[in-house]
Amino acid sequence: MSTARTLPHPRTVRLLSPLHRRPFHPRRSFITLPDTSPQILTAARRLPYNHSQLYDLIADVDSYVRFLPYCKISRVTRWTPTPDSNNRRWPTQADLTAGWGGFEETYTSRLFCVPSLGIVEAISGDARTEIPLSELRKQGLVDPGPGSGGRGDGVFKSLVTRWTVQPAEGATRADRFQHDWSDVRLSIKYQFANPLYMAVSSAVADKVAPIMVEAFVEQAKRILGETGKNVEVSR
């Protein structure tokens, strides 16, 4: 006696077929961490002053606290051991406290003043200077490297602030009175220790460098006087 086999219902077959299974989509995270690579902020102006006078203002690191809005403390703690050919000593280390977007950090910064290049640079954290070694040697400078300052294990992993002042010879020649013009540029290269800090500060970060340059313009006017000429945005 044969036993009749009961076949699955056709609809059941279709539901169990691999071709009709619902594809699996992994869930997306609601939190996307921002880029943790170093960020660079820049601003520049063309000013109607001699570049040497402007350089002296920028190299006066002790005065930063009096006019730079994001600088809370600026105190030079070390100078070049011997004067240069102009009998001038330059700062090589300073305690600087800087912050924006609700964050604040205190560093013992390594300073590099290279008048021949018009550079004043403050370095903190694990960054190193990009000034050519040959130029550092001319000034009797060396970069002791990360960790030599003793501070900076907080908000910023690294922070490099570089001011550059150079003669704007074309603008000077175009001035019918042959007054001096100079180009001033500020570059801030920074990296946060925690990527969440980047997300919180992103709303104000782009404004930091322009605000600092404008503050320096006002400082130049106070110290060097009004010239009667308009400040230009350098290209």
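- Between Trp181 atom CH2 and Leu47 atom CG the span is 8.0 Å, to the nearest 0.5 Å.
- The shortest distance between side-chain heavy atoms of Leu96 and Val61 falls below 4.5 Å.
- Scored by the salt bridge (charged side-chain N to carboxylate O under 4.0 Å, His left out) test, Arg78 finds no partners at all (sequence neighbours excluded).
- The CZ atom of Phe67 sits 11.5 Å away from the CD atom of Glu218 when rounded to the nearest 0.5 Å.
- Interatomic distance, Gln166 CD to Leu117 CG, rounded to the nearest 0.5 Å: 8.0 Å.
- Counting heavy atoms from C-beta on, the side chains of Asp180 and His51 never come closer than 4.5 Å.
- Nearest heavy-atom pair, Cys113 versus Gln139, reported as atom, atom and distance to 0.1 Å: O-CG, 3.9 Å.
- Between the side chains of Asp95 and Thr108, a donor-acceptor pair is found at a separation under 3.5 Å.
- Here the side chain of Ser74 pairs a donor or acceptor atom with the backbone of Val65 at under 3.5 angstrom.
- A heavy-atom distance below 4.5 Å is found between the side chains of Tyr49 and Lys221.
- Around the CD atom of Glu130, the shell of radius 6.0 Å holds no more than 12 heavy atoms that belong to other residues, nucleotides or ligands.
- Residues Val120 and Trp90 form no side-chain contact, since every pair of their non-hydrogen atoms from C-beta on lies 4.5 Å or further apart.
- Under the 4.5 Å side-chain criterion, counting only non-hydrogen atoms from C-beta, His179 is not in contact with Pro48.
- Considering CD of Gln219 and CG of Leu224, their distance stands at 9.0 Å, rounded to 0.5 Å.
- Closest heavy-atom contact between Ala59 and Pro91: O-CG, 3.7 Å.
- Two different hydrophobic clusters hold Val160 and Leu111 under the rule that ILVMFWY side chains link at heavy-atom gaps under 4.5 Å.
- Residue Trp163 is not grouped with residue Leu136 when hydrophobic side chains (ILVMFWY) are merged at heavy-atom distances under 4.5 angstrom, including chains of intermediate members.
- Arg222 and Ala215 get closest at one heavy-atom pair: NH2-O, 4.5 Å.
- Counting only heavy atoms from C-beta outward, the side chains of Ile131 and Arg162 approach each other to under 4.5 Å.
- Using a 4.5 Å heavy-atom threshold, the side chains of Ile123 and Glu121 count as touching.
- Using a 4.5 Å cut-off between side-chain heavy atoms of Ile, Leu, Val, Met, Phe, Trp and Tyr, with links allowed through other members, Ile119 and Leu68 fall into different hydrophobic clusters.
- Residues Val213 and Val208 share a hydrophobic cluster, clusters being chains of Ile/Leu/Val/Met/Phe/Trp/Tyr side chains in contact below 4.5 Å.
- Side-chain atoms of Tyr107 do not come within 3.5 Å of backbone N or O of Ala94 as any donor-acceptor pair.
- Under the 3.5 Å distance criterion, with hydrogens and angles disregarded, no donor-acceptor pair is assigned to the side chains of Thr92 and Thr80.
- Across all their heavy atoms, Leu54 and Phe216 have their closest contact at O-CZ, 3.9 Å.
- Counting heavy atoms from C-beta on, the side chains of Pro83 and Arg89 come closer than 4.5 Å.
- Cluster membership check: Trp79 shares its hydrophobic cluster with Tyr55, using side-chain heavy-atom separations under 4.5 Å among Ile, Leu, Val, Met, Phe, Trp and Tyr.
- Atoms CD1 and OG1, from Ile188 and Thr161 in turn, are 5.0 Å apart once rounded to the nearest 0.5 Å.
- Across Leu186 and Ala209, no two heavy atoms sit closer than the pair CD2-O, 3.9 Å.
- Residues Arg128 and Asp143 share a closest heavy-atom pair of NH2-O, 3.2 Å.
- Note that OH of Tyr64 is 8.0 Å distant from CE of Met212, once rounded to the nearest 0.5 Å.
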